[in-house]
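These notes concern the structure reproduced below.
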There are 2 protein chains.
Amino acid sequence: MHSHTEENYLKALFNLANEKGEVSVNDLSKILAIKMPTVNSMVKKLAGKKLVHYESYKPLRLTEKGKKEAGLIIRKHRLTEMFLVQKMGFGWEQVHEIAEQIEHIHSPYFFDKMDEMLGYPKIDPHGSPIPDKTGKVDWIRYEKLSDCGAGETVRLGAVIHSTEEFLKFLNSRKLHLGLKIKIKSVESFDGSMVVSYGKNSTETLSLTVSERLLVEKIG
Amino acid sequence: MHSHTEENYLKALFNLANEKGEVSVNDLSKILAIKMPTVNSMVKKLAGKKLVHYESYKPLRLTEKGKKEAGLIIRKHRLTEMFLVQKMGFGWEQVHEIAEQIEHIHSPYFFDKMDEMLGYPKIDPHGSPIPDKTGKVDWIRYEKLSDCGAGETVRLGAVIHSTEEFLKFLNSRKLHLGLKIKIKSVESFDGSMVVSYGKNSTETLSLTVSERLLVEKIG
DNA sequence: AATAATTGTTAGATTTGTCTAACTTTAAAC
DNA sequence: GTTTAAAGTTAGACAAATCTAACAATTATT
Ligand SMILES: [Mn+2]
Ligand SMILES: [Mn+2]
Ligand SMILES: [Mn+2]
Ligand SMILES: [Mn+2]
């Protein structure tokens, strides 16, 4: 269908659109680590395939077709991550790089089987929603822990900008999805937070960390 | 390391060398469905990387380095096939196409995990040996069923030239690896064989079939 | 409003992997 | 031993995906 390269552009366009709204050639260039002229000619090519709406000097937008294709690739990525964690015993910090490659495998059977073995999961190991078989994503509305206040109790639903280093940090603090977290206080000077969770712990989380933790309020 | 394309050439060179002894540009061209001039320039490139011994108009030979690289790709292919069958419930006729793609994934962890989960298997679902982590293959010496005679009892060890159609045929006759087969008679006219195996069956196997079944003689 | 910085585009070169057409060498047939 | 067929090679073209250098448009700063 599409090349490995085209698939990576589509995925990046999709993810950037959901993070920052408008997507520029420059954004794409940075995230893919590919120079702007290359990105420029590639998005024109994708426009030729009706996957992207392209107008000179205007923000880039995926077409409906483009969104669907991107969603299907992201579906494969996230199903793979879930499979690696749930069925192969990898840690959530180890799976992204492998999924980055396996997402390009062409085989409905393979991913359907994963899906079935996993019991048709709705989220991946980092709490991101897994698009359905039509490529549609069912967004979960979380808020950042950093936007919550002292006294509130929340449940950790997802992590964003989850690099290997960040996830290892979360491991070291025993922070995992589903955890109930009580916010004891917020330091107004630097936005750091004192929280408690699990057994007997009292931890301080920097703003850098609390901005990357997505939670839902409970109780 | 090497490109997807280069890996496919190495693998084809390795497999052809073990089937036919000498490998020609023409053989490679046919098996890869790539025209001779393209193959010619590619093997020269591989020679430049010290993966192939190349001399004009002479048969092609993998270097030790080339054999090792090829062995490691075939290791990934066969471990994947075994994983798909043993851990994901695919039939032996369904796994080759998927493995053909997954063999190019770069991730030691991923394949080591498969290996571990499978209990360090020595053969794949078709009875082919899985190369070790240094790329070395421990050849098993089987003979073709077609080379055996009436009265002999053999065990089915491997299948060769195992296309999806052939494997489906074997499924339909309940022929699977490990099966004990008694040769009742051999028709000298067309080489067909009357055999018995499993419960109460008496089957006739054409030469086309018995040539693709590798067996070991048993007591 | 003028200037500077950033972003976007065009043009042209490069690498990889493929092709066709033409030619050469080796092997097979007569 | 010629002649014919098959296999191998060389030369040149091409599409995909990348780059650099130069130029243009937009946005931000003063
Ligand atoms: Mn990921
Ligand atoms: Mn990718
Ligand atoms: Mn196979
Ligand atoms: Mn392959």
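Just so we're on the same page: letters track the sequence lines, and every chain starts at 1. Note that the structure is a prediction, hence the values are computed from the model and not measured.
Regarding A/K58, its NZ atom lies at a distance of 13 Å from the P atom of C/dG8, rounded to whole Å. Atom CE of A/M42 and atom P of D/dT18 are 7 Å apart (whole Å). Taking atom CE of residue A/M36 and atom P of nucleotide C/dT7, one finds them 7 Å apart after rounding to whole Å. Distance, B/K49 NZ to C/dT16 C1': 10 Å, rounded to whole Å. Rounded to whole angstrom, the span from the CG atom of A/L60 across to the C1' atom of C/dT9 amounts to 13 Å. With rounding to whole Å, B/Y57 atom OH is found 7 Å from D/dT10 atom P. Across the protein-nucleic acid pair, A/K35 atom NZ and D/dT20 atom P stand 5 Å apart, rounded to whole Å. Following rounding to the nearest Å, A/I34 (CD1) and D/dC19 (C1') show an atom-to-atom distance of 11 Å.
For A/T5, the side-chain atoms get nearest to D/dT18 when compared with the rest of D/dT18, D/dT10, C/dT9. Of the candidates C/dG8, C/dC19, D/dT9, the closest approach to any side-chain atom of B/T38 belongs to C/dC19.
Close to C/dG8, at under 4.0 Å from its OP1 or OP2, lies no side-chain N or O of A/Y54. For A/N40, no side-chain nitrogen or oxygen approaches OP1 or OP2 of C/dG8 to under 4.0 Å.
Defined by atom type and a distance below 3.5 Å, a donor-acceptor pair is present between the side-chain atoms of A/W92 and A/N171. Side chain to side chain, B/D132 and B/T134 meet the donor-acceptor criterion of an N or O pair below 3.5 Å. Looking only at atom types and distance, the side chain of A/D190 has a donor-acceptor partner in the side chain of A/S192 under 3.5 Å away.
A salt bridge does not link A/K168 to A/E93: none of the charged nitrogens lies less than 4.0 Å from a carboxylate oxygen.
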Residues 14-22 of chain B, side-chain donor-acceptor partners within the protein, below 3.5 Å, at least two apart:
| from | atom 1 | to | atom 2 | distance (Å) |
| --- | --- | --- | --- | --- |
| B/N15 | ND2 | B/K11 | O | 3.4 |
| B/K20 | NZ | B/D27 | OD1 | 3.2 |

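Here the closest non-hydrogen pair linking B/I183 and B/C148 is CD1-CB, 3.4 Å.
Within residues 6-32 of chain B, the residues approaching DNA chain D are B/S24, B/V25, B/N26, by heavy-atom distance under 4.0 Å.
Residues B/V95 and B/T80 form no side-chain contact, since every pair of their non-hydrogen atoms from C-beta on lies 4.5 Å or further apart.
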